[in-house]
Structure formats: C-alpha cells, structure tokens
Amino acid sequence: MEFYTGLGKIITVEAAASGVGYAAPWITAIHRGWVAGARENTLPAMWLTKENGYHWAECDIRFTSDDVPVLAHDGTVTSEDGTVVLTVADSTAAQLQALTLQTHARFGAIGVATLKEALDLARLIGLGLLLDCKDSHFDTDHNKILARTVLESGWADHVVYMPKKPEGAAAILEVDRNASFDFVEHAPGTVDTIPDLAPYQALLTGGNTVGFDINAGYVTNDDFPEAARTLREAGLNLSFWNVAASNCAAVMDLGPLRITKANGADASDLDALYFSKRQSW
C-alpha cells in the first residue's frame, strides 16, 4: 500500500496558547485511529491520526491461526461488500490481508493490517500506539510473540500494552523489561472496586510505567478522587478513555497521564482544555 507523504497539520504550543488546540504526545490518543474517512483499526486510520495532529492511536490486537498479531476489534471481520466474513483466529494473516475491508479513494484497497505493518508505519510517521489485547485467550506464548514483534520494530519506547491481566504483562516483561502497561479490566471506579494492587506494582521495573486506563464516566462518583489518590500513592498512573466534553473538565482536574478520545472524532477542544489545565499542575 502506498501512503500519501504529507504529514498535514501539526498543532504547536503557540497555537494552543492562542486557543487553537494542542496535540502533544502525552495528551490525546485517538480510539481505533482516525475513523472520519477510514475504517477503524486500519493503516489509513493510523496515518490520518497523525495527519490530523495527534501523536497516539489506540488499536486492538488479535492473533491469527498462524500466530500473527493483527489489528482487529471483533473476532470476525467482514469484507466491504458484506459477502465474506472471516474469523480472525481461524484465518491466516495472508487471508486477512487479502480481504478488502474498504476501497478508499486516497489509499486504495484496505485489508486487515498486521501489527508489524502498523509498527512500521508508526515508526515512519512518529505515532505512538496503545495495544489493546482483545483476545481473552492471550497466553504466555502469545504475549511473548506480541512483545517480540514490538521490540523487533525498533519502536518499543513508543508503545503501551493493554493486557487483560498482570500475568500477561509479566510474560511481556520477560521479553522487554522496559515495557509499559495500562489495564482496562479491573480499573476501579470507586474505592470499593480497587483491586489488589500488589500484582500491578510488581510490574514496575524502574524503566517503565504501569497504570489503569479508566472509563471517564467514573469520575463523577463521589469517592473517585480518593480512589485516584490510592492508585497514585501505589506508584500507578491514571489514564482515561471515553473522554468527552461532558466529563473532560473533571478528568483534567485529576491530572491524567493520557486521555483517549472516543470514536476518533476531532479532539482539539479537549486538547485545548488539557493544555490549559496542565499549566497549573
């Protein structure tokens, strides 16, 4: 696949100061890539994320029948015309790559991307990736394959893993001791729902970050600030997904490491607020 070579707009600090918005590496990730004009979890969606001024994209990872990590949210993928439905776990990487998910006026025929292809593109354009491990059956071997794929790309410092359980993260750390993690499962919304934090703290190596990626809807819970303090005192970071205009201000008051904008829509309004809040932290 050939990609358009222009990087498009990159919003600057100066622009943020004037109220235009600011997209810095630690601020906004785009959920499943920029989907205005491209199919989610595809290489064009990743490219358009960067072209629209954002430096991180969240993407979903599943394994094929020949043990290749690919970008897919659901267990099945459907061709553009609806005539072909493939189960990711029962299909080879080559079969999935050959499936036309979308015919794009600019990018041509779009197939299922392997993680290696996504990492190669991310490195080319300077895009960080959040890897949401969707398969509930990720075992030790699959997690190690995942980590080796990332490490061999030369882009590991710009990747954050989102495994289901600490055990999966431990397998990744056997391959890359500096791997960083965000956990969505068991991310607490109240003090009472805070899990045993010891297994998460055990993943801290001194060269990485570990934390929870929390549904932004939880910030309205009365005792959420106390829950957030507990996590921070344990050395764990806070990030938030499903951030929208309705909860953005409350999220920003908590000083998150990272936010993920829902559905890949324009996030410059959230960036501007985040940037202004950051000045007072």
Side-chain angles (χ1 to χ4, degrees), residues 1 3 29-33 35 38-47 49 56-78 85-102 110-125 127-185 203 208 213 241 260:
M1 179 182 295
F3 285 94
I30 301 299
H31 188 238
R32 303 182 195 172
V35 298
R39 185 98 167 235
E40 68 181 29
N41 279 311
T42 61
L43 298 183
M46 302 298 109
W47 180 275
T49 296
W56 285 85
E58 181 264 0
C59 53
D60 302 301
I61 306 298
R62 291 182 180 273
F63 273 92
T64 66
S65 62
D66 49 348
D67 291 331
V68 176
V70 296
L71 273 59
H73 179 272
D74 297 331
T76 59
V77 291
T78 305
V85 179
L86 296 179
T87 300
V88 176
D90 295 336
S91 305
T92 66
Q95 289 173 318
L96 293 166
Q97 287 173 298
L99 183 71
T100 299
L101 299 176
Q102 180 184 14
I110 301 169
V112 175
T114 66
L115 176 58
K116 182 183 184 304
E117 289 175 323
L119 288 163
D120 287 345
L121 175 62
R123 185 176 182 182
L124 174 68
I125 64 177
L127 182 72
L129 296 179
L130 309 178
L131 305 183
D132 190 349
C133 304
K134 301 306 292 187
D135 282 345
S136 59
H137 66 269
F138 267 41
D139 55 22
T140 296
D141 289 340
H142 281 116
N143 278 303
K144 288 183 177 180
I145 292 171
L146 182 67
R148 282 195 294 270
T149 303
V150 172
L151 202 57
E152 290 168 2
S153 73
W155 200 237
D157 289 345
H158 304 274
V159 168
V160 176
Y161 298 89
M162 303 174 72
K164 298 298 182 187
K165 298 177 180 179
E167 293 83 356
I172 291 169
L173 284 176
E174 290 184 34
V175 177
D176 181 5
R177 289 296 295 169
N178 292 320
S180 292
F181 304 97
D182 274 351
F183 291 89
V184 176
E185 286 201 10
L203 300 172
N208 68 348
D213 198 20
W241 61 276
T260 300

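Note: hydrogens, waters and symmetry copies are ignored here, and every other heavy atom, side chains too, is used. Note that the structure is a prediction, hence the values are computed from the model and not measured.
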Practice task
Report the C-alpha distance between Asn41 and Cys59 in whole Å, list the side-chain angles of each, state the deciding distance to 0.1 Å, and finish with yes or no for side chain to side chain contact (heavy atoms under 4.5 Å, CB included).
Solution key: CA-CA 6 Å; Asn41 279 311; Cys59 53; 3.4 Å; yes
Exercise for the section: Take Val112 and Leu101 through the test side chain to side chain contact (heavy atoms under 4.5 Å, CB included) and record every step on the way to the result. Expected result: CA-CA 7 Å; Val112 175; Leu101 299 176; 3.9 Å; yes
Practice task
Apply side chain to side chain contact (heavy atoms under 4.5 Å, CB included) to the pair Thr64 and Ser91, showing each step before the final yes or no.
Solution key: CA-CA 6 Å; Thr64 66; Ser91 305; 5.9 Å; no
Handout entry: Verdict with supporting geometry, His142 and Asp67, side chain to side chain contact (heavy atoms under 4.5 Å, CB included)
Key = CA-CA 7 Å; His142 281 116; Asp67 291 331; 3.0 Å; yes
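No donor-acceptor pair closer than 3.5 Å links the side chain of Arg148 to the backbone N or O of Val175. Checking side-chain atoms of Thr76 against main-chain N and O of Thr87 turns up no donor-acceptor pair under 3.5 Å. Checked by atom type and distance alone, the side chain of Trp155 pairs as donor or acceptor with a backbone atom of Leu127 at under 3.5 Å. With hydrogens and angles ignored, the 3.5 Å screen pairs no side-chain donor or acceptor of Arg32 with any backbone N or O of Asp60. The backbone N or O of His73 lies less than 3.5 Å from a partner atom in the side chain of Arg62, making a donor-acceptor pair.
One distance of note links CD of Glu58 with CG of Asp213; it measures 8.5 Å at 0.5 Å rounding. We find the CG-CG distance between Asp157 and Asn208 to be 11.5 Å, quoted to the nearest 0.5 Å. Note that CG of Asp132 is 9.5 Å distant from CH2 of Trp241, once rounded to the nearest 0.5 Å.
When all heavy atoms are compared, the tightest approach of Leu203 to Ala170 is CD2-N, 3.9 Å. Minimum interatomic distance between Phe183 and Ala169 (heavy atoms only, all atoms of both residues): CZ-CB, 3.8 Å. The nearest pair of heavy atoms linking Pro69 to Ile145 is CD-CG2, 4.3 Å. Taking every heavy atom of both residues into account, Ala156 and Leu151 meet most closely at CB-CD1, 4.0 Å.
Within the 4.5 Å cutoff, the side chain of Val160 has heavy atoms near those of the Leu130 side chain. Side chains of Leu96 and Val68 form no contact here, defined as non-hydrogen atoms less than 4.5 Å apart. A heavy-atom distance below 4.5 Å is found between the side chains of Lys116 and Asp120.
Here the rule is side chain to side chain contact (heavy atoms under 4.5 Å, CB included) with Tyr161, and of Asp182, Asn143, Val150 only Val150 fits it. With Glu117 as the fixed residue, the side chain to side chain contact (heavy atoms under 4.5 Å, CB included) test singles out one of Leu115, Thr114, Leu119, Leu121: Thr114.
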